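These numbers come from a predicted model, not from an experiment. All chains are named by letter (A, B, ...) in the order of the sequence lines, taking the proteins before the strands, and each is independently numbered beginning at 1.
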There are 2 protein chains.
Amino acid sequence: MPNIATPPISHVEPLNLPQNVIKALSIDNLVFGLDEDELKILLVKQTDPMHEGKWALPGGWIRYDENLRDAAYRLLEELTGVKQLYLEQLKTFGRVDRFPTERVVTIAYYALVSAEHYSLVAGQSAADVSWQSISALPELIYDHAEIIAYGMKFLQHQVCHQPIGFNLLPEKFTLLQLQALYEAILNTKLDKPNFRRKIMKMDLLTPCNEKQQGVPHRAANLYRFDPETYKQLTESGFSFEI
Amino acid sequence: MPNIATPPISHVEPLNLPQNVIKALSIDNLVFGLDEDELKILLVKQTDPMHEGKWALPGGWIRYDENLRDAAYRLLEELTGVKQLYLEQLKTFGRVDRFPTERVVTIAYYALVSAEHYSLVAGQSAADVSWQSISALPELIYDHAEIIAYGMKFLQHQVCHQPIGFNLLPEKFTLLQLQALYEAILNTKLDKPNFRRKIMKMDLLTPCNEKQQGVPHRAANLYRFDPETYKQLTESGFSFEI
DNA sequence: TATCTTATTGTCCAATTGACAACAACCCAA
DNA sequence: TTGGGTTGTTGTCAATTGGACAATAAGATA
């Protein structure tokens, strides 16, 4: 491809960018949600006639004076109403032809959450918002299918090497709930006493000194994550090897 | 910080960008090199008066019609003469104030190579190029020290979870050479017998039935990587736990 | 041949793991 | 009131692994 001084002329409408954003740089969010033991992803339906009926990752333009992660949070909330989750940078996608009218590089952020804990509100520039099953994705704009595929692969790898997935649980939870989560993600059965020992030795959980309510059997102790250890483990990067 | 429609006015000279690059988007390369059992990083000395004497990661602007990794390879070769290595995307750094005069987001790429296998040639816009010891870095421009610190942490994590670094060794190598490699990257001393046991149990190495030549002591056995196991381990993503 | 250096094997003990037994708590129904 | 059902929690034990280090082997050299 030859070096050119200006963007290539295109038959498609040029972008109508807001004034205070960084041209050629966007954010796209991959929010994976566990919904009844099924993995889904948060998508928004496009409004503009050009992409009518197609879906997209919730994303958009980064403001000139806005940090990358802040932009990710803002765009996600604007488009879907989803907030209060932890977004982590995934990868930057910048194939020359990934965007039709201009050269646009996009920085992908991702999160893994419990789908039922969030209520979706379609923003102004979204025709619809919903959790879509990973195994039956609708038609997506640009290279968003490719980005999702990369995110999936990454997620499957990460789940074994980082304490992610803990935000899928309520603030206070039982050890069996945590175990069930791991069993679902890793698709295996785990030994209850051994799982307990292993988790507890990490000093990741602090007992709430409260018990489960309304169960027809002995009530289990409730635990919460120790945010300090959790942060340490997240930063240092460790192995679960459960 | 208020939203603004144009870049902030600064007392520093504005950027004098070539015409065919993407404004606000750059590449920086972290090339880690093992040099006599010491871990170093490839840096270039700045020429412009503003940063005189300071060093920087080899990087620069991405062309409008150039894929990200292609830009990384081009810039690395232009500045340092280093080519024929595998660059992998590390992370994108975009703090609002990371660059003094404008908003610039940079995409970092990294590689791990054997320093002595490359000859350095300082490019036109570089006053000097050299391998600098990680443990005694010179003064760096912008947030490059921060980027290097992130890259180091990433490297140390990767080395425990992926069989990377094996391309730093000759085809046939001794166990002590392999151990020295790990010690350099992890910056620790390892027990020789234990390291041997652990590595051998992975079935990653096959003996060449040859011995080291010309050493003034007992010659060690030479090994090579078993490409099949190596590939399996790379793909599945495993734990070394060394 | 004595001695030096490094390679390689062996040993010991502590810590960890996995499988499973045993006991505790609580609900519920007879 | 009592005993069975269910799940939580603690304990046990053999097998495996890990780290520290001793012991031996194989050259090279003085």
Side-chain angles (χ1 to χ4, degrees), chain A residues 160-161 163 169-226 229 233 236 238-242, chain B residues 36-37 156 159-161 163 169-226 233 238-242:
Chain A
C160 296
H161 295 290
L169 295 175
E171 196 199 347
K172 300 170 183 181
F173 53 87
T174 70
L175 289 176
L176 196 61
Q177 281 179 286
L178 184 61
Q179 185 178 336
L181 175 67
Y182 272 89
E183 288 178 345
I185 293 172
L186 297 173
N187 195 33
T188 50
K189 271 285 167 196
L190 301 170
D191 181 85
K192 219 191 296 185
N194 294 338
F195 179 82
R196 161 187 308 272
R197 258 189 318 179
K198 217 156 185 176
I199 287 285
M200 293 313 284
K201 211 179 47 188
M202 293 199 268
D203 287 328
L204 198 62
L205 306 184
T206 40
C208 301
N209 300 320
E210 282 180 64
K211 285 190 185 302
Q212 227 176 358
Q213 299 287 328
V215 282
H217 54 76
R218 175 175 175 182
N221 275 320
L222 292 171
Y223 294 86
R224 59 158 55 87
F225 291 107
D226 178 358
T229 316
L233 290 178
S236 64
F238 72 117
S239 272
F240 258 114
E241 301 285 330
I242 285 194
Chain B
E36 312 266 340
D37 295 347
Q156 288 176 346
V159 107
C160 294
H161 295 288
L169 295 176
E171 197 198 347
K172 300 171 183 180
F173 52 88
T174 69
L175 289 177
L176 197 61
Q177 282 179 286
L178 185 61
Q179 183 179 339
L181 175 68
Y182 273 91
E183 288 178 345
I185 294 171
L186 296 174
N187 195 33
T188 49
K189 272 283 169 197
L190 299 170
D191 181 84
K192 218 193 297 186
N194 294 338
F195 179 83
R196 161 186 306 272
R197 256 188 319 180
K198 221 157 183 175
I199 286 285
M200 292 315 283
K201 213 177 48 185
M202 293 200 268
D203 287 329
L204 197 62
L205 305 185
T206 39
C208 301
N209 299 319
E210 283 180 64
K211 285 191 185 302
Q212 229 176 356
Q213 299 288 328
V215 283
H217 54 77
R218 175 177 175 181
N221 275 319
L222 291 172
Y223 295 87
R224 61 158 54 88
F225 290 107
D226 177 358
L233 291 178
F238 73 118
S239 272
F240 259 116
E241 301 286 330
I242 285 194

Whole-Å distance, Gln213(A) CD to dC26(C) P, equals 11 Å

- Quick one: is Lys198(A) getting a side-chain N or O under 4.0 Å of the dG18(C) phosphate, OP1 or OP2? yes

Here the salt bridge (charged side-chain N to carboxylate O under 4.0 Å, His left out) pairs for residues 205-224 of chain A, sequence neighbours left out, are Glu171(A)-Arg224(A), Lys172(A)-Glu210(A)

Those residues at least two apart in sequence (or on a different chain) that pass side-chain hydrogen bond (donor to acceptor under 3.5 Å, both in side chains) with Asp226(A) are Thr229(A)

To the nearest angstrom, the CG-P distance between Asp191(B) and dT11(C) comes to 16 Å

Met200(B) atom CE is separated from dT9(C) atom C1', nearest whole Å, by 13 Å

Contacts of Tyr223(B) meeting ring pair (Phe, Tyr, Trp, His ring centres under 6.0 Å) (sequence neighbours excluded), chain-then-number -> none

In whole angstroms, the gap separating C1' of dT6(C) from CZ of Phe195(B) amounts to 16 Å

Between the protein and nucleotides 4-9 of chain D, which nitrogen or oxygen pairs come in under 3.5 angstrom?
residue : atom : partner   : partner atom : Å
dG8(D)  : OP2  : Lys192(A) : NZ           : 2.9
dG8(D)  : N2   : Arg218(A) : NH1          : 3.4
dG8(D)  : N3   : Arg218(A) : NH1          : 3.1
dT9(D)  : OP1  : Asn221(A) : N            : 2.9
dT9(D)  : OP1  : Asn221(A) : ND2          : 3.0
dT9(D)  : OP2  : Arg196(A) : NH2          : 3.0

In whole angstroms, the gap separating P of dT17(D) from CE of Met202(B) amounts to 14 Å

Value for CG (Asn221(A)) from CG (Leu176(A)), rounded to nearest 0.5 Å, stands at 13.0 Å

Contacts of Asn194(B) meeting side-chain hydrogen bond (donor to acceptor under 3.5 Å, both in side chains) (sequence neighbours excluded), chain-then-number -> Asp191(B), Arg197(B)

- Message: Is it the case that the base of dG18(C) and the side chain of Arg197(A) share a donor-acceptor contact (distance under 3.5 Å, atom types as modelled)?
- Response: yes

side-chain hydrogen bond (donor to acceptor under 3.5 Å, both in side chains) filter on Gln179(B), not counting sequence neighbours, yields Glu183(B)

Rounded to whole Å, the CG-C1' distance (Leu190(A) to dA19(C)) equals 14 Å

Tell me whether the side-chain N/O atoms of Lys201(A) come closer than 4.0 Å to OP1 or OP2 in dA15(C). no

Between CG of Asn194(A) and C1' of dT10(D) the distance, given in whole Å, is 12 Å

